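Contents: one structure, followed by commentary.
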Amino acid sequence: MEPRGTSADVLLQRPWLPVSISGWRLLTKSWFGETAYHILLTDVHGVWEERMDSAALQKRAQELNRRLRAPVKAFFSHLCEVVQPCLSGSDARPDSEAQISLTRQDDGNISIKLKSELAGLPFYWEFHCTPAPVTVVCVQLVRPLLVMSHLLQQQVEQLGGLLGRKDAEIQDYRENGATLSRERLQTDVFEEQTYREDFMLKTLPLLCSEQPDAHGFDADLQHLYAAVVSRGNTRKRKLSEERSAEEDQPAAAEEEADVPSSLGGSVTNSDTGDEDAQEDAAGAKMADGPAAVQQSLPVTSKTAERPSSKPKKKKVVGLFR
């Protein structure tokens with residue numbers, strides 16, 4: 001099974017395609033992996049989804065097809081061949097005998113039933129689509145549509161400004177004696193407010209009349225939708241990289257801060273190590289007896305004077321070498 005986050009990200013890149021199943025006009029998104037799928041359906045009044053992994057596919061296949069003994073990959077490839085054309089809005093189906101029907105249940109769920117033939121035996125499948133969570137609806141539909149709306153609004157404003165400048169240019173030509181060779185090419189001066197009111201008056205009733213293609217995505221909108229979600233994913237990756245870089249900086253600073261202390265600690269430890277070795281040698285001589293103690297006393301006093309000069313020379317040489 002593909003990770004859930006991965007299937008959601010891949011599904012986000014897919015366009016919303018208009019389909020018709022059993023008289024229901026829907027917009028669909030679908031992703032089919034090797035042994036997993038994730039589909040989304042919407043009639044603009046609700047959004048439904050279903051996610052299935054390999055284990056769930058095997059269980060449902062056994063419930064609907066008692067005689068089926070094939071592995072998941074064997075029947076799942078057949079399922080993809082039959083269902084994908086239907087969910088993509090294509091009329092061409094490789095299996096002409098396949099029957100697909102959609103019913104909306106009383107509990108609000110949607111069931112899509114499939115009947116086809118696999119290896120000479122009937123093959124049944126059902127999609128049990130439940131209402132999608134609000135987060136899924138926002139990520140897959142609401143947020144991209146809001147960004148698309150904002151982009152189109154900016155485009156309209158820029159085009160309005162361009163028309164205004166074109167009218168000023170034409171007016172300048174006329175004032176300097178330029179004339180049209182054909183009267184039919186003459187246009188009125190662009191008035192943005194008047195144009196908007198006329199556009200809303202004529203177009204809005206058509207969009208609200210529940211026409212078949214009123215809620216669809218044409219080729220231009222599909223391209224705009226793909227650009228919006230692609231840009232959003234690029235921004236997410238940049239933000240995640242910046243966050244990871246910020247998290248790594250404090251750790252690197254701590255390592256750099258530890259370097260001087262560790263260097264100082266190593267020099268101090270080497271000095272103390274020399275002193276400890278000298279003390280161990282003196283203790284070994286004391287363990288030989290009282291005579292050894294008396295003989296070692298003047299030696300100990302001399303060795304006590306030496307560390308004050310020798311370690312200093314070692315320290316200076318070690319730091320500047």
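For clarity, every value in this text was computed on a predicted model and none was experimentally measured. Just so you know, these numbers use all the heavy atoms, side chains as well, and skip hydrogens, waters and symmetry mates.
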* What closest approach, in Å, do L40 and A132 show between heavy atoms, and which atom pair accounts for it? -> CD2-CB, 4.5 Å
* Is there a side-chain contact between L26 and S20, using heavy atoms and a 4.5 Å cut-off? -> no
* Asked: Can you check whether L102's main-chain N or O pairs, donor with acceptor, with S22's side chain at less than 3.5 Å?
  -> yes
* Give a yes or no answer on whether the side chain of S230 reaches the backbone of A226 with a donor-acceptor pair at less than 3.5 Å. => no
* To do: Please tell me if the side chains of D43 and R104 come closer than 4.5 Å, counting only heavy atoms from C-beta onward.
  => yes
* Asked: Is a donor on one side and an acceptor on the other found under 3.5 Å between the side chain of W31 and the backbone of D9?
  -> no
* To do: Could you tell me the separation between the CG atom of L79 and the CG atom of L57, rounded to the nearest 0.5 Å?
  => 7.5 Å
* **Joint hydrophobic cluster, Y195 plus L162, side-chain heavy atoms closer than 4.5 Å** => no
* Distance in Å, S149 OG paired with Q154 CD, rounded so as to fall on 0.5 Å steps -> 10.5 Å
* Are side-chain heavy atoms of L145 and M148 found at a separation under 4.5 Å? -> yes
* **H150 atom NE2: more than 12 heavy-atom contacts under 6.0 Å** => no
* Could you check I39 against F32 for side chain to side chain contact (heavy atoms under 4.5 Å, CB included), going step by step and ending with a plain yes or no? => CA-CA 8 Å; I39 64 173; F32 289 85; 4.3 Å; yes
* **Donor-acceptor contact below 3.5 Å, side chain T203 vs main chain M200** => no
* **Student check: side-chain heavy atoms of L12 and Y225 closer than 4.5 Å** => yes
* **ILVMFWY network linking V156 to V189, side-chain heavy atoms under 4.5 angstrom** => no
* To do: Verify, without hydrogens or angle tests, whether K29 (side chain) and R14 (backbone) share a donor-acceptor contact under 3.5 angstrom.
  => yes
* Are L17 and L27 joined in one hydrophobic group, where the rule is that I, L, V, M, F, W and Y side chains link up if heavy atoms are under 4.5 Å apart? -> no
* To do: Quick one: pull up CD in E126 and CD1 in I112 and give me the separation to the nearest 0.5 Å.
  => 11.0 Å
* Any salt bridge (Lys or Arg N to Asp or Glu O under 4.0 Å) pairs touching residues 60-80, not counting sequence neighbours? -> E50-R60
* What pair of heavy atoms forms the shortest contact from H78 to E117, and how long is it? -> CE1-O, 3.2 Å
* At their closest point, which heavy atom of E49 faces which heavy atom of V136, and how far apart are they? -> OE1-CG1, 4.1 Å
* To do: Quick one: pull up CD1 in I21 and CG in L41 and give me the separation to the nearest 0.5 Å.
  => 7.0 Å
* Report the residues that fulfil side chain to side chain contact (heavy atoms under 4.5 Å, CB included) with V147, sequence neighbours left out, ordered by chain and then residue number. => L151, V228
* To do: Return the minimal non-hydrogen interatomic distance between C80 and P85, and the atom names on each side.
  => O-CD, 3.9 Å
* Asked: Mind checking whether F123 and W125 have parallel, tilted or perpendicular rings, split at 30° and 60°?
  -> parallel
* Asked: So, do F127 and V83 sit near enough that their side-chain heavy atoms are less than 4.5 Å apart?
  -> yes
* To do: Look at the side-chain heavy atoms of Ile, Leu, Val, Met, Phe, Trp and Tyr, link any pair under 4.5 Å apart, and say whether V142 and L152 land in one connected group.
  => yes
* Asked: Below 4.5 Å, heavy atoms only, C-beta onward: do S116 and Q99 meet side chain to side chain?
  -> no
* Asked: Can you hop from L68 to L114 via hydrophobic side chains spaced under 4.5 Å?
  -> yes
* Examine distances only and state if a side-chain atom of T28 and a backbone atom of L87 form a donor-acceptor pair shorter than 3.5 Å. => yes
* **From NE2 (H38) to CZ (R51), nearest 0.5 Å** => 4.0 Å
* In sequence, state the C-alpha distance, the side-chain angles, and the governing distance for H128 and N109, and then conclude on side chain to side chain contact (heavy atoms under 4.5 Å, CB included). => CA-CA 7 Å; H128 300 161; N109 297 337; over 6 Å; no
* Structure fact -> When rounded to the nearest 0.5 Å, the distance separating CD1 of I170 from CD of Q186 is 9.5 Å
* **Q222 side chain vs W16 backbone, donor-acceptor pair below 3.5 Å** => yes
* Asked: Any salt bridge (Lys or Arg N to Asp or Glu O under 4.0 Å) pairs touching residues 182-203, not counting sequence neighbours?
  -> E192-R196, D198-K202
* **Steps toward side chain to side chain contact (heavy atoms under 4.5 Å, CB included) verdict (W24, I110)** => CA-CA 11 Å; W24 289 78; I110 286 182; 6.0 Å; no
* Would a 4.5 Å heavy-atom cut-off, applied to side chains only, mark Q58 and F75 as touching? -> yes
